[in-house]
Asks: 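Please find one structure pasted underneath; my questions will follow.
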Amino acid sequence: MRDLPKTFDHNEAEPRLYRAQEEAGLFKPQGDGDPYAIVIPPPNVTGSLHVGHALNNTLQDILCRFRRRQGRKVLWQYGVDHAGIATQMVVERQMAERQEPHRRDIGRDAFVEKVWAWKAESGGMIKGQLQRLGASLDWSRERFTMDEGLSAAVRRVFVQLYNEGLIYRDKRLVNWDPQFQTAISDLEVENREVNGKMWNFAYPLAEGPVDGISEIVIATTRPETMLGDGAVAVHPDDERYTNLIGKKVRLPIVDRLIPIIADEYPDPELGTGAVKITGAHDFNDFEVARRHDIPLIVLMDAEARMIATSENDVPKRYHGVDRFDARKMVIAELEEMGLLRGIDDKVIMQPFGDRSGVVIEPMLTDQWYVDAKTLAGPATEAVRSGKTKFVPENWSKTYFNWMENIEPWCISRQLWWGHRIPVWYGPDGTPFCAETEDDAHRLATEHYDGEAVELTQDTDVLDTWFSSALWPFSTLGWPDETQELQDFYPTAVLSTAFDIIFFWVARMMMMAMYFKKEVPFHMVYIHALVRDENGQKMSKSKGNVVDPLEYMDAFGADPLRFTLASQATQGRDLSLSKQRVEGYRNFRTKLWNAARFLQMRDVPLTDENIDPSTFKLPLNRWLAHEATRMSAGVASALEAFRFDEAAAAIYQFTWRTYCDWCLELAKPILDEGSSADQAETRRALSYGLKTILVTLEPFMPFVCRELYDAMNDGIQTIDDQRWPTESFVDDSAAEQMEMVIALISEIRSARTEVNVPVAAKIDLIALSPSADVAQTLEVQSPAIRRLARIENIAQRADPPKGAVQIVSGGTTYALPVADVIDLSAELARLDKEIAEAAAQLKKAEGKLGNERFVSKAPPAVVEEEKARVAKFSNELEQLSAAKKRLEAL
RNA sequence: GGUCGCGUAGCUCAGCGGUAGAGCACUCGCUUCACACGCGAGUGGUCACUGGUUCGAUCCCAGUCGCGACCACCA
């Protein structure tokens, strides 16, 4: 044993303890137990630890450490995501700050080199932060989504999907981010409500009035796109317009004739019932245009400025004008022409790029797509059949809903940082998809009948999520058939936030089912969102973002971890408050002091495998009884991902059972018991502390290791300890100890209520106790005397005059305090207890008085109720007798 | 419009057919020899509302009100 200082200095101890664990190789898969693997959701290379990371990685760490204790061969796979857009953005911003040339001026290769340099320098910040948190990730296996192996996996997957027709190129509308000048997927678009306007414009009929109607009025929220209108659509059943179908209108400003068509899409109830069709700049219009073979007229360039093309007739004055400026011009011109028919304020949903924050423009471009619908089939089935389960289960609905309505996944990005699309084009544009350029050349040579040609690689890169979709197997070495894949695939659990289900979980499922023919993980644990202490979503603009690092500075990693775990309930977000972290810091200190107490009493932890069935004292047997109940409870809670229940069970046992009662009850034995009792109690306390440290270690790894080391008198370490599996049950010891505890509590309560001074020692008189009670009082006398501040314990038939009387466990006790008793307080106390007992009795009797209850309720419940009647009527009787005696004074 | 969730002690949350729980906060005592980041004792709840099912509902069902999230749509 090593002397423990007064308090735990987390700032000194945590880094030291972490290094020791890592140097001992404890984070690598150990032994030959049943493998258990978790892959970390790879943090962005640009990322730093936020509360969401802290929560998710705490939970994963708890699972991994718990499984290691159980003897499993655990791999917690670490890695980092290259985060295409985010990273490119950060580096570009840095270049701008340093007033360096723009990326386009230095060229692609030089820019990508700069990003790699940036990554080498400042890319791994989160790693150190995770280490501070205590995350037991296997750092030696760190992967990066753009490292060689993972890039090879990406190419393998792309080529195979391409060859099997599941990746294809298509020209259709995409979400275009004018800021980053790239396509983004549906998921990267954030639809936000904004205050907008709706304009009504009149388009004159080209061939003059029909039945007195000379124009058709359309409504639009995007006037500038009218320059690219290809038609006006009305509903075929809309009688207002039946006569106009097939006629032409003259599109103002551009003076182009476009048809009025009938289509189901326009809703007669909305707007004017007539809709302008701009196929190249609106997703719905695109579909209508396709159905009717209406030309798609592109109006804008990559920066969303109006341009001239051979297919459009945008007037010269619009060329190079930003879309929002063009809007003003169009409105002004139409107003000028007298064709503006109204402006209404309207709340509209507008799409924004989730990274750039700018308004997304639907653009007609060539992009690469994954046939997600085909891949979704097996991925959906895997969840439906239970091969992969969501926890909480209801998230599977979200998953199904998404999968069943899945759209083609746009995977190409017009960025420079990312996996380059493995497609090369011949001089005539023929694509050759291959894992290497050499292979592409071979394909080309074959295609061009042996003629060697220049090939140019596709300039696009892949969506970042394409590589992370392969994460569970690519990090384990795929496409090679590695030992790690054999051992650890499928992984056990994937832990993540709900907003990642579509981005990542679904895509991992699809890729895994296609390439591994097996699920990537058996469980998907969806953790809660961390909110601030007022339950508000954290956001930079609100300024309520909690920095987990600050809590770790102030209190250490252990209390933060325990706080997060204790609040990780299912189906509800959690509110993180400083007070709560502080509370668990106090818990850590409590445990620390309990260990100090053992140390003062010379009770070490030893290598001995203590067998509780050798204990003889009820206290020690009860301690073991409760300890095994706790560790079993924690284990089953963790199996069910109930981190909150697990944390509560340990907290409750440690503080309430072990510290409040066991240590206190042990004191009289350690002070005045026989040497055999003392020796046994020492072993029991040691057993209790060891159980706490071993079960708490997954939650609070630092303090547990420090305490184990300090208290250790053997050669084993905490890492040699297995999760307790023995189940020691002794109900009669438990019953006895519970009776003693109840008695002590009631004596204390009565003393307080009648104002007996804390220091005063008084006598306890049991009134005609049963033989059992008498024996327990005898055995537990030192404990009762010490904890309830009792001088002597006696037995009599009648109480002395002027005594406080309590009823506990069916026995009446008297506390003679004639000189200090506050008569009216005692009377009030008795009345209160009488009222309580009477109320309970009445309730129970009421139930039994109900004919239908007795006949229909299960017999066990009826018996229970009868027992309650017996108990409370007895109590009531004794309390009433006590009151009479008091009144007789 | 579709889907999911939540309304339980002042606060943050467990519980979810048969005596309403925890932590924090609050009140009153305590420098009791592990711990004042502590010890002891307390206060505090028609479990949102209305119906229904049931011998019995905080718990199940239906509806209402309030709050939130996600997806879709709105020319």
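Just so we're clear, the structure is a prediction, and the values are computed from it rather than from any experiment. Lettering follows sequence order; numbering is per chain, from 1.
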Asks: Rounded off to whole Å, could you give me the NZ-to-P distance for the A/K6 and B/C33 pair?
Replies: 11 Å

Asks: Can you tell me which nucleotide in B/U12, B/G38, B/A34 comes closest to the side chain of A/Q567?
Replies: B/U12

Asks: Over 60° means perpendicular and under 30° means parallel, so classify the ring planes of A/F587 and A/Y584, tilted if in between.
Replies: perpendicular

Asks: What is the distance, rounded to the nearest whole Å, between atom CD of A/E404 and atom C1' of B/A72?
Replies: 15 Å

Asks: How long is the line joining CG of A/L576 and P of B/G23, in whole Å?
Replies: 19 Å

Asks: Give the ring-plane orientation class for A/F641 versus A/Y525, where under 30° counts as parallel, over 60° as perpendicular and anything between as tilted.
Replies: parallel

Asks: Using only modelled atom types and a 3.5 angstrom limit, is any donor from either the side chain of A/K590 or the base of B/C35 paired with an acceptor on the other?
Replies: yes

Asks: For B/C47, which nucleotide in any strand shown is its Watson-Crick or wobble partner with both distances under 3.5 Å?
Replies: none

Asks: Mind checking who B/G21 pairs with, Watson-Crick or G-U wobble, both distances under 3.5 Å?
Replies: B/C13

Asks: Taking OP1 and OP2 of B/G23, is either one under 4.0 Å from a side-chain nitrogen or oxygen of A/R656?
Replies: yes

Asks: In whole Å, I'd like the distance from the CD atom of A/E193 to the P atom of B/C73.
Replies: 14 Å

Asks: Expressed as a whole number of Å, how far does the C1' atom of B/G66 sit from that of B/C28?
Replies: 38 Å

Asks: Quick one: which of B/U32, B/G38, B/G5 gets closest to the side chain of A/V758?
Replies: B/U32

Asks: CZ of A/F597 versus P of B/C37: gap in Å, rounded?
Replies: 21 Å

Asks: Has the side chain of A/E645 got a donor or acceptor atom sitting under 3.5 Å from an opposite partner on the base of B/A22?
Replies: no

Asks: Using atom P in both nucleotides, what's the gap between B/C26 and B/C37 to the nearest angstrom?
Replies: 14 Å

Asks: Toward the 5' end of RNA chain B, which comes first, A/F498 or A/V861, by nearest nucleotide?
Replies: A/V861

Asks: Nearest whole angstrom, please: distance from the P of B/A57 to the CZ of A/R852.
Replies: 11 Å

Asks: Could you tell me how far apart A/E269 (CD) and B/C73 (P) are, to the nearest whole angstrom?
Replies: 20 Å

Asks: Look at the side chain of A/R585 and the base of B/C37, then say whether one donor and one acceptor between them are separated by less than 3.5 Å.
Replies: yes

Asks: Looking only at the aromatic ring of each residue, does the gap between the centers of A/F562 and A/F643 stay below 6.0 angstrom?
Replies: no

Asks: Mind checking whether A/Y399 and A/W395 have ring centres under 6.0 Å apart?
Replies: no

Asks: Rounded to whole angstrom units, what separation is found between the CD atom of A/E851 and the P atom of B/G56?
Replies: 14 Å

